[in-house]
Amino acid sequence: MISSDEAIRLEDQYGAHNYHPLPVVLAKGKGVHVWDPEGNQYYDFLSAYSAVNQGHAHPAINKALIEQAETLSLTSRAFYNNVLGDYEKYITEYFGFDKVLPMNTGAEGVETAIKICRKWAYEKKGIPEEKAVILVAENNFHGRTTTIISFSNDPDAKKNFGPYTPGFRKVRYNDLNDLQKALQEENVAGFLVEPIQGEAGVVVPDNNYISKAAELCREAGVLFIADEIQTGIGRTGSILAVCGNCTCEIKCERQNTYTKPDMLILGKALSGGVYPVSAVLADKEVMDVIKPGQHGSTYGGNPLACKVAMAALNVIYDENLPQNARKLGMLFREEMQQLVDSHELFVKVRGKGLLNAVIINDTEDSDTAWRFCVALKDNGLLAKPTHGNIIRFAPPLVISEEQLLDCISIIRKTLEEFRK
Ligand SMILES: *Cc1c(COP(=O)(O)O)cnc(C)c1O
């Protein structure tokens, strides 16, 4: 096996420099742990941006992958396959929608939702052609395609990638007045929003923001589109972040804290990190605007993806991962709050379930959070800064209380040793 130094040198020389990774090379993963080529063990506190909610190398998901790979992996949608329909029934019942459109990556899911929303606007709402406007939130993150970065306000994501796709208008996140004003403008077709802004630094809106925003959209005849690619599939302590504070069983009669989006976008943990699988869910009135030939993807809905996604969703349900995320998330924030109260370096902890962040006492352009993450790595825990001075902590949801307490002592020890 090549060494860490060699692996880093190769990536540096032959790969595009579109990422700035922490200097650690991963060679193996199991559950909440990953190992480098030299055999050092780490807790994974990023979970591939919440794709690995079910833990690394989950046996049930890998079994589904291997069995289906040996049977049939890809047919394209030129033909029917004997797994897709079963998956479509499974996932629509699981999340309570009439229909699903299967894609691969998260960004493709978002692109799909944008296309459906626009088509719905012209054909059902009667907006004049080419005039549809989709509202988005400031500081959003929805992916990296040309259309999606057109409505980003992160200069790194956007600058020199123009000309940009028109038809989007930003509103302030967590500001119902701003949304209400924007909804009164002409030709608004949809509102695309993250229930918690992950990449922006785990920004949790007010308790009623999502439900009220959906209500305002409904009153205005505008589609409410939830991007749950990062927040969904158990991460925030319920199966979806739009479930609010409901802790009920997954296949539930939704309780009154649940806000049903007109479109729901899923990705990342939909496959438990073994294969790119994304999906857009909606009811018939919306989804049926898409007709043959109008949208698709060669790999979308392939039998391998379908089997993997069913296994990954089963694990969430079987192992009560939303409940575990909720319980251990509260413990984590309590413990981090003690560190905030007793150490200058930690300014604030926030989050929901096991999607949390700590704000570091320094400016956004400082390297303090980066150096703290390197120190955490040296002590056996992997996390990464987002937006300079914010560190996201998001372990796989299969983490046990004992393991979490071990991680908290690593964070405490690192904090006590750290010199800014
Ligand atoms: C990661 C992410 C995406 C993009 O997913 P990719 O699979 O990287 O294209 C979109 N929206 C949110 C909220 C995300 O966290």
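Order of listing sets the numbers, starting from 1, for every ligand and every atom in it.
By the neighbour-count criterion of 12 heavy atoms within 6.0 Å, atom CD of Glu129 is sparsely surrounded, having that number or fewer from other residues, nucleotides or ligands.
Listed for the Asp178 side chain is a donor-acceptor partner under 3.5 Å among the backbone atoms of Arg172.
Protein residues with a heavy atom under 4.0 Å from ligand 1 are Thr105, Gly106, Ala107, Phe141, His142, Gly143, Glu194, Asp227, Ile229, Gln230, Lys268.
Listed by first then second residue, pairs satisfying ring-ring contact (aromatic ring centres under 6.0 Å, His included) with a partner in residues 362-385 read His20-Trp370, Phe346-Phe372, Phe372-Phe418, not counting sequence neighbours. The ring-ring contact (aromatic ring centres under 6.0 Å, His included) pairs that include a residue from residues 181-229 are Tyr173-Tyr209, where partners are two or more places apart or lie in different chains. Residues in residues 46-72 take part in no ring-ring contact (aromatic ring centres under 6.0 Å, His included) pair, two or more places apart or across chains.
For the residue pair Asn314 and Asp318, no side-chain donor N or O sits within less than 3.5 Å of a side-chain acceptor on the partner.
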